[in-house]
Every structure is written in structure tokens, then in C-alpha cells.
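Hydrogens, waters and symmetry mates are skipped; everything else that's a heavy atom, side chains included, is used. Quick caveat, the model's predicted, so the values are computed rather than measured.
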Amino acid sequence: EDQVTQSPEALRLQEGESSSLNCSYTVSGLRGLFWYRQDPGKGPEFLFTLYSAGEEKEKERLKATLTKKESFLHITAPKPEDSATYLCAVALTGGGNKLTFGTGTQLKVEL
Amino acid sequence: NAGVTQTPKFQVLKTGQSMTLQCAQDMNHEYMSWYRQDPGMGLRLIHYSVGAGITDQGEVPNGYNVSRSTTEDFPLRLLSAAPSQTSVYFCASSYSASAKPAFFGQGTRLTVV
């Protein structure tokens, strides 16, 4: 069965304290892996797409990487405004644009 | 561009009532989908459409109906609401090519009492 697992479930950081969020996947065939940010009461906001192992994408303090089994979202020197839930999703071979989501990591960055 | 627009934002229904959640996109995306989000669970696909006149079931389709008469609109109908359908519903759209990022609406928070 295709599975996407995110860890940790929740993470509390001090401002400036870098860390990484993990998304591990067990799927029959990966077409793409997506990272989203979700603020309370809002819809998921697209951050990155990764298509192949070794690929990296960056945006401001965020950097996403991909291996054959997992993806990491690295957060460098986070700020309180980075507080949100980060969702990982995969698109599978033969699945078109259907996405399978993990349950998310709730990140809180404190001053 | 407004992106993906969902209405209403909040709704309370009584068990057995029916209603339609509206979704519209102005990005000319062929692919549209509905997800529900429940605490402790990832977003789960309800129904999707690859273009006008074409719809298919996702992971949790029971109790829901969809149609796609235009490229822009993809309404979700609850036929006879049940408490188990209390959830936050998100509509998303994307280009039809495989594994393109989906863009989401702001959600509809539905409570069935």
C-alpha cells in the first residue's frame, strides 16, 4: 500500500534555530513529491515540486531535497512567520494528478 | 487572478439535509479535485475531474456527487448529510499533465449536527 509518513508531528524551534522536517514514502512509483505550507484556517499553499532523487529546490529560508525513500524540508534560521503546518504529498506513476498526503508537521517558531 | 474560489466558507447542516459546495478556478486548469481534511489524517481525495464532462471517484467518494459542466466550475454535492461528513473541504486545480502542482482554495468548514 502506498504510504506517506511525516515526522515529527510537531516541532518547536527558537528563532534562528535551523532544523529539518522529514517526509518518507513507500510507493509503487513516484512521479513527483510536493511540499505545501498550510496556515490555520487556510488552504495549502504550494512550495516545491521534486521529481527525481538528488533534486533540490530553495526558496528563502526553505530548502527541499529528495532521495529514493524520503524528502527533507530544511529550514535555515527560521522566523516566527515560518510557523505553519507543512504538508508533503506524492503523485504516483499511473495516478495522474491524484495526490497522496502525509499528515503534516506542525512547526512553531518562537522568539 | 483569483485562483481557486470556494463558497461558502462555513456551513452547518442538519443530518439528512443536502447542499452544494461551490468551487471555481480562473487559471484554465483542466484538472480539478475535492479533498477533505480531518484531524490526524492527511487530505483525502473525494472526487476528481480531468476535464469538462469527465469525473471519477477518489479514495472516499461515498455520500458525495460531482459534475463538471465547464472548465471553471466543479461543485461538490452532499446528497444526505451525515455527522461523519463533518470536515474541512478543499477544492484544488492543476494543469492536466501528470504530477503538476495543485493549487487549493481556502476551504469550506462543514459541520453536520
Task: Choice from A:Glu9, A:Lys98, A:Glu45 maximising heavy atom contacts with chain B below 4.5 Å - done: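 Highest number of heavy-atom pairs under 4.5 Å: A:Lys98.
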Does [X] belong to the same Ile/Leu/Val/Met/Phe/Trp/Tyr cluster as [Y], with side-chain heavy atoms less than 4.5 Å apart forming each link?
X       : Y       : result
B:Tyr89 : B:Met19 : yes
A:Phe34 : A:Leu73 : no
A:Tyr86 : A:Leu11 : yes
B:Phe10 : B:Leu21 : no
A:Val4  : A:Phe72 : no

Open item on the list: Between B:Gln37 and chain A, with a heavy-atom cut-off of 4.5 Å, which part of the residue counts as in contact: side chain, backbone, both or neither?
Closed with: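 Answer is side chain: those atoms of B:Gln37 sit under 4.5 Å from chain A.
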Task: Region of B:Leu43 that comes under 4.5 Å of a non-hydrogen atom in chain A - done: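 For B:Leu43, heavy atoms of backbone and side chain both lie under 4.5 Å from chain A.
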Using a cut-off of 6.0 Å, state whether more than 12 heavy atoms not belonging to [X] lie near its atom [atom1].
X       : atom1 : result
A:Arg12 : CZ    : no
A:Lys57 : NZ    : yes
B:Lys9  : NZ    : yes

Task: A:Phe46 to B:Pro101 - nearest heavy-atom pair and separation - done: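 Nearest heavy atoms, A:Phe46 then B:Pro101: CE1-CB, 3.4 Å.
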Open item on the list: Looking at every heavy atom in both A:Gly43 and B:Phe90, which two are closest together, and how far apart are they?
Closed with: CA-CE2, 3.3 Å
- [ ] Output the distance between atom OG (B:Ser94) and atom CG (A:Leu99), rounded to the nearest 0.5 Å.
- [x] 7.5 Å
Task: Pairwise distance CZ(B:Arg44) to OG1(A:Thr100) - rounded to 0.5 angstrom - done: 12.5 Å
Task: Residues from residues 23-35 of chain B approaching chain A under 4.5 Å (heavy atoms) - done: B:Tyr31, B:Tyr35
Task: Pairing residues for A:Arg31 by the salt bridge (charged side-chain N to carboxylate O under 4.0 Å, His left out) criterion, not counting sequence neighbours - done: none
Open item on the list: Donor-acceptor pair, distance only, cut-off 3.5 Å: does the side chain of A:Tyr36 make one with the backbone of B:Phe104?
Closed with: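 Answer holds: no.
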Task: Pairs meeting criterion disulfide bond (SG atoms under 2.5 Å apart) with involvement of residues 57-88 of chain B, two or more places apart - done: none
TODO: Side chain from CB out, backbone as N, CA, C, O: work out which of these in A:Leu33 comes under 4.5 Å of a heavy atom of chain B, or both, or neither.
DONE: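 No part of it gets close to chain B.
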TODO: For chain B, find its close neighbours in residues 101-108 of chain A: heavy-atom separation under 4.5 Å, sorted by number, or none.
DONE: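 So the qualifying residues are A:Phe101, A:Gly102, A:Thr103.
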